[in-house]
Amino acid sequence: MEAHSSVDMFSKVLENQLLQTTKLVEERLDAEIQKMDQMDEDELELLKEKRLKALKKTQQQKQEWLSKGHGEYREIPSERDFFQEVKESKNVVCHFYRDSTFRCKILDKHLAILSKKHLETKFLKLNVEKAPFLCERLKIKVIPTLALVKDGKTQDYVAGFTDLGNTDDFTTETLEWRLGCSDIINYSGNLMEPPFQSQKKIGTNFTKLEKKTIRGKKYDSDSDDD
């Protein structure tokens, strides 16, 4: 009987919490509707104009990004192109790859998807064989490596798959989360809750990520060169 009583009590508490949350949402909606009802025609026109300006600004920003090569995952032919590309865009993800490394092809698939979703960021790839100076300068030793460049400066790296759960089967959402942790994309999810497929796939090496500081801090990486 005591067990049933505890369950009933918990259910009532949960029900009350849901009712309170629903009531709060309804009150906010009522307040917004009342505010709209009290506006005169001039105020409504001003509000409409303000929203149209915001929409127009958003569209202009989108067109500017597209004109700079955002919205697609592109290969650049040389390291000289790299400097020009990062100079003209605030956020850049560059995949340093090698044809013989099969894990680079895994990254290609995910990056192609994210490039279309996150227009605010430019997604590039560069063959390491064509960029010896740049690889030396950025100290790129693990293939594949993603260089995350903000305002022309490389602020973080994703070397290998260690930060992605230490598995070849990581999801696009996992990579998206990892890029969001470095603030190189506009991430709408919860940075404190990585969207991993399962804890069992993560492995012991992933515990290094537990030491991270969200946004702007580098991660330890112990990936092996393929």
Side-chain angles (χ1 to χ4, degrees), residues 61-168 170 172 174-187 208-209 212-213 215-226:
Q61 178 66 82
K62 181 179 177 180
Q63 290 304 316
E64 181 183 345
W65 283 330
L66 291 174
S67 70
K68 292 180 178 179
H70 294 226
E72 60 178 331
Y73 179 45
R74 298 181 292 116
E75 179 163 9
I76 51 178
S78 70
E79 52 193 2
R80 180 180 297 178
D81 296 276
F82 173 86
F83 293 106
Q84 181 59 38
E85 294 280 2
V86 301
K87 183 180 179 181
E88 65 182 18
S89 294
K90 180 179 178 65
N91 299 310
V92 178
V93 174
C94 187
H95 174 200
F96 286 84
Y97 80 98
R98 185 187 293 124
D99 282 325
S100 59
T101 305
F102 82 93
R103 287 191 173 92
C104 293
K105 295 177 176 60
I106 296 175
L107 267 181
D108 284 341
K109 177 185 68 175
H110 297 296
L111 293 171
I113 295 171
L114 292 177
S115 68
K116 291 177 174 59
K117 181 177 180 179
H118 291 279
L119 296 184
E120 73 277 5
T121 302
K122 180 183 288 182
F123 287 81
L124 306 171
K125 63 185 297 187
L126 177 58
N127 192 326
V128 293
E129 306 296 340
K130 299 179 180 179
F133 167 76
L134 193 54
C135 289
E136 179 68 24
R137 178 174 173 176
L138 299 181
K139 299 180 180 179
I140 293 175
K141 298 179 180 179
V142 175
I143 304 299
T145 284
L146 300 181
L148 313 183
V149 187
K150 182 176 285 290
D151 295 319
K153 296 181 180 179
T154 305
Q155 70 164 25
D156 201 357
Y157 299 90
V158 181
F161 292 172
T162 303
D163 293 355
L164 304 172
N166 211 27
T167 173
D168 292 348
F170 66 88
T172 302
T174 297
L175 178 57
E176 184 179 26
W177 165 82
R178 176 61 181 87
L179 298 179
C181 288
S182 294
D183 199 25
I184 207 70
I185 60 172
N186 296 336
Y187 185 68
K208 287 193 173 187
L209 269 180
K212 70 181 181 295
T213 300
R215 294 205 180 281
K217 296 296 183 181
K218 289 185 179 180
Y219 290 69
D220 295 328
S221 179
D222 58 357
S223 301
D224 293 326
D225 193 319
D226 195 60

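When reading the values below, keep in mind they use all heavy atoms of this one structure, side chains included, and skip hydrogens, waters and symmetry mates.
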Should I185 and L114 count as side-chain neighbours, where that means a heavy-atom distance under 4.5 Å?
no
Rounding to 0.5 Å, atoms CG (D163) and CG (L146) come to a distance of 10.0 Å
Between the CD1 atom in I106 and the CG atom in D168, the distance rounded to the nearest 0.5 Å is 4.0 Å
Taking only residues two or more places apart in sequence, or in another chain, which ones meet H110 in a ring pair (Phe, Tyr, Trp, His ring centres under 6.0 Å)?
F170
Sub-3.5 Å donor-acceptor pair from the side chain of K122 to the main-chain atoms of K68, do we have one?
yes
R178 and T174: side chain donor to acceptor below 3.5 Å
no
Identify the heavy atoms of D108 and K125 that sit nearest to each other, and give their distance.
OD2-NZ, 3.1 Å
Would you say that E79 contacts C135 through its side chain, given a criterion of any heavy-atom pair below 4.5 Å between the two side chains?
no
According to side chain to side chain contact (heavy atoms under 4.5 Å, CB included), who are the partners of S115, at least two apart in sequence or on a separate chain?
Y73, F123
Which residues pass the side chain to side chain contact (heavy atoms under 4.5 Å, CB included) test with D99, sequence neighbours left out?
Y97, N127
Enter the distance from E88:CD to H70:NE2 here, rounded to the nearest 0.5 Å.
7.0 Å
Looking at E176 and K117, is any side-chain nitrogen of the basic one under 4.0 Å from a carboxylate oxygen of the acidic one?
yes
May I have the step-by-step check of salt bridge (charged side-chain N to carboxylate O under 4.0 Å, His left out) for R74 and E85, ending in yes or no?
CA-CA 11 Å; R74 298 181 292 116; E85 294 280 2; 3.0 Å; yes
Taking all non-hydrogen atoms of both residues into account, name the closest pair between A131 and L126 and its distance.
CB-CD2, 3.6 Å
Closest approach of P144 to F161 (non-hydrogen atoms, all atoms of both residues)
CG-CE2, 4.0 Å
Roughly how far apart are D156 CG and D183 CG, rounded to 0.5 Å?
11.0 Å
State, to 0.1 Å, how close T154 and A147 come at their nearest heavy-atom pair, and which atoms those are.
CG2-CB, 4.2 Å
So CD of E120 and CD of Q61: to nearest 0.5 Å the spacing works out to 9.5 Å
With a sphere of 6.0 Å drawn around NZ of K105, does it hold more than 12 non-hydrogen atoms of other residues, nucleotides or ligands?
yes
Should Y157 and F96 count as side-chain neighbours, where that means a heavy-atom distance under 4.5 Å?
no
Could you give the distance from CG (L179) to CD1 (I184), rounded to the nearest 0.5 Å?
8.0 Å
Using a 4.5 Å cut-off on heavy atoms from C-beta on, say whether the side chain of V149 contacts that of C94.
no
Is any side-chain heavy atom of L111 closer than 4.5 Å to one of L175?
yes
